[in-house]
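Counting starts at 1 for both ligands and their atoms, following the listed order. The first residue in the sequence is number 1, and the count goes up from there.
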Amino acid sequence: MSDRYQSLIHTPIGQLLAKNLGLPNPVRLDRWTEGAPLVDGTVLVGTTPAGRLGKVVVETLDGLGVAAVDAHEEGARYKGLVLDATGITSSADLVELERFFTPVLRSLESCARIVVLGTPPESTNSAGERVAQRALEGFTRSLGKEVGRGGTVQLVYVTPAADGALASTLGFLLSPKSAYVSGQVVRVGSHDGTAAAEEPADAAKPLAGKVALVTGASRGIGEQIARVLHRDGATILGVDVPQAADDLQRVTGELGGGHLMLDITAKDAPQRIAKHVTDTYGGVDVVVHNAGITRDKKLANMKEDVFASVIAVNLTAPERITAELLKQKLVNANGRIIGVASIAGIAGNLGQTNYAASKAGVIGFVDSLADQLDKGITVNAVAPGFIETKMTAAVPFATREVGRRLNALSQGGQPVDVAETIAWYAHPGSTAVNGNVVRVCGQMMLGA
Ligand code: NAD
């Protein structure tokens, strides 16, 4: 749906009002289009003394075709900044953050990307290093609220064994694909480490030859997930309820994919999905549990069947379908299981005890599976904030405006922002990205 305020504020009179009345002035966010460079500008890479990643980052960016420099030149402008902060081993070293960033923050282009790389606090060598690495989280989250003009800031904790596995993550976080992701802490290297990431033969079609199952694919976020995974080369199998048959056939037809009309809460749904996957494709590479419903009521007014229906669709169905696919060994090596949680599952929300329980449960689902999977299969989730869809169009005006503006980018996200985040998890090079829950919320203040 359209954001009329944002359209108005971009007119000359709107700009005048925004300036004089201090109104939110959301920037038009860059979004990636097929064929465009991954990063439209230069990335400055800095290293803290004794940092272990600076050289790897420059080589990785080179491999991605991204222009990178390792020293600031007077007058230069940057589309991205990466700081290797792995050399910060005591609280006194934290001043390195100021030394690198302060002189260059005014040299950023709009919609700039900032990435700080650290060592997971629990993998450090001393108590002092653990403290200092943990401190990076407060730094990046605050910088995310300061950077402005559509800029984003993330912290990526890299375990030393995964130093060479950063390409898909840097490609995502430095490009316009991560337009609505900010203030996040991502962990790379949280897998068992035995499975090597695959480097796709064709960087433009990283999912070529892969099969992606997307539930709730007939509209909204699910439709966009199907479109983006197809853009990246995947064969799509869309699943949705029989009532959505026309839309599902339209979407999957346009993408040359398959469809399966079923209610994912049906008793035999996991077996029917497994049979369809076996008969048609022999296996599946990417499973996206996107289908979801809300049935909002304050708990005092809630009916048992309403509460139960939300849990059944949003949580029990993904659990059962995943269990069946894994039991029948239908998830291919280097496969991806991806959940769709919600900011409500992190912060809680009035009238959403059932929904928030189901979405917090999706986070629990990721936690419970992350160290159980082998053969390079990963499990991760996205937690969308306010995304412009039919679901959020139905929210009353005042609540909708609060949801839209109460984030560091002062606007709602688009379904494509969630889809791009899922495409990063799905990328065959993301094997070391496991057990993450990344919010796609423009750094929303709720539950931050
Ligand atoms: P939507 O209502 O537009 O689409 C949901 C899809 O799931 C529909 O196609 C629907 O038919 C399908 N579905 C529902 N129940 C099903 C069932 N039992 N079996 C099979 N398919 C079923 O919603 P959306 O806004 O696109 O949301 C997609 C996902 O993102 C949901 O999990 C939602 O909870 C989550 N989410 C959305 C937002 C947002 O702002 N829109 C925010 C946070 C999380």
For [X], atoms of ligand 1 separated by under 4.0 Å from a heavy atom:
{"X": "Val313", "value": "15 (N), 18 (N)"}
{"X": "Ala291", "value": "7 (O), 13 (N), 21 (N), 22 (C), 32 (O)"}
{"X": "Leu262", "value": "19 (N), 20 (C)"}
{"X": "Gly385", "value": "40 (O), 42 (C), 43 (C)"}
{"X": "Ile293", "value": "14 (C), 15 (N)"}
{"X": "Asp263", "value": "17 (C), 18 (N), 19 (N)"}
{"X": "Ser218", "value": "9 (O)"}
{"X": "Ser342", "value": "43 (C), 44 (C)"}

Residues [X] and [Y]: side-chain donor-acceptor under 3.5 angstrom:
{"X": "Thr86", "Y": "Thr119", "result": "no"}
{"X": "Asp240", "Y": "Ser218", "result": "yes"}
{"X": "Asn334", "Y": "Thr431", "result": "yes"}
{"X": "Asn314", "Y": "Ser358", "result": "yes"}
{"X": "Gln443", "Y": "Asn407", "result": "no"}

Should [X] and [Y] count as an ion pair when the cut-off is N to O under 4.0 Å?
{"X": "Arg31", "Y": "Glu420", "result": "no"}
{"X": "Lys205", "Y": "Glu34", "result": "yes"}
{"X": "Glu122", "Y": "Arg187", "result": "yes"}

Test side-chain contact (heavy atoms from CB on, under 4.5 Å) applied to Ile114 and Leu83, Val147, Val82, the passing residue = Val147
Among all protein heavy atoms, pick the one closest to [atom] and tell me residue, atom and distance.
{"atom": "atom 17 (C) of ligand 1", "answer": "Val241 CG1, 3.4 Å"}
{"atom": "atom 44 (C) of ligand 1", "answer": "Tyr355 OH, 3.3 Å"}
{"atom": "atom 26 (O) of ligand 1", "answer": "Ile221 N, 2.8 Å"}
{"atom": "atom 5 (C) of ligand 1", "answer": "Gly292 O, 3.7 Å"}
{"atom": "atom 25 (O) of ligand 1", "answer": "Thr389 OG1, 3.1 Å"}
{"atom": "atom 31 (C) of ligand 1", "answer": "Asn290 O, 3.2 Å"}
{"atom": "atom 3 (O) of ligand 1", "answer": "Arg219 NE, 2.9 Å"}
{"atom": "atom 23 (O) of ligand 1", "answer": "Met391 CE, 4.0 Å"}

Return yes if some donor-acceptor pair links the side-chain N/O of Arg400 with the main-chain N/O of Val395 below 3.5 Å, else return no.
-> yes
Which one holds for [X] and ligand 1: side chain close, backbone close, both close, or neither close, with close meaning a heavy atom under 4.0 Å?
{"X": "Ala341", "answer": "backbone"}
{"X": "Thr392", "answer": "side chain"}
{"X": "Lys359", "answer": "side chain"}

With sequence neighbours left out, the residues meeting side chain to side chain contact (heavy atoms under 4.5 Å, CB included) with Asp279 are Lys275
Any idea which of Ile264, Asp240, Ile225 brings a heavy atom closest to atom 8 (C) of ligand 1?
-> Asp240
Would you indicate which of Val418, Val362, Asp247, Val340 comes nearest to atom 30 (O) of ligand 1 when only heavy atoms are counted?
-> Val340
Contact check, Lys390 vs ligand 1, heavy-atom distance below 4.0 Å | no
Could an N or O of ligand 1 be found under 3.5 Å from any N or O of Pro384, whether backbone or side chain?
-> no
Write down the atom of Met261, the atom of Leu248, and the distance for their closest heavy-atom approach.
-> SD-CD2, 3.6 Å
Any pair counted as salt bridge (Lys or Arg N to Asp or Glu O under 4.0 Å), so long as it reaches residues 310-337, sequence neighbours left out = Glu324-Lys327
Side-chain touch Tyr157/Pro121, heavy atoms, less than 4.5 angstrom = yes
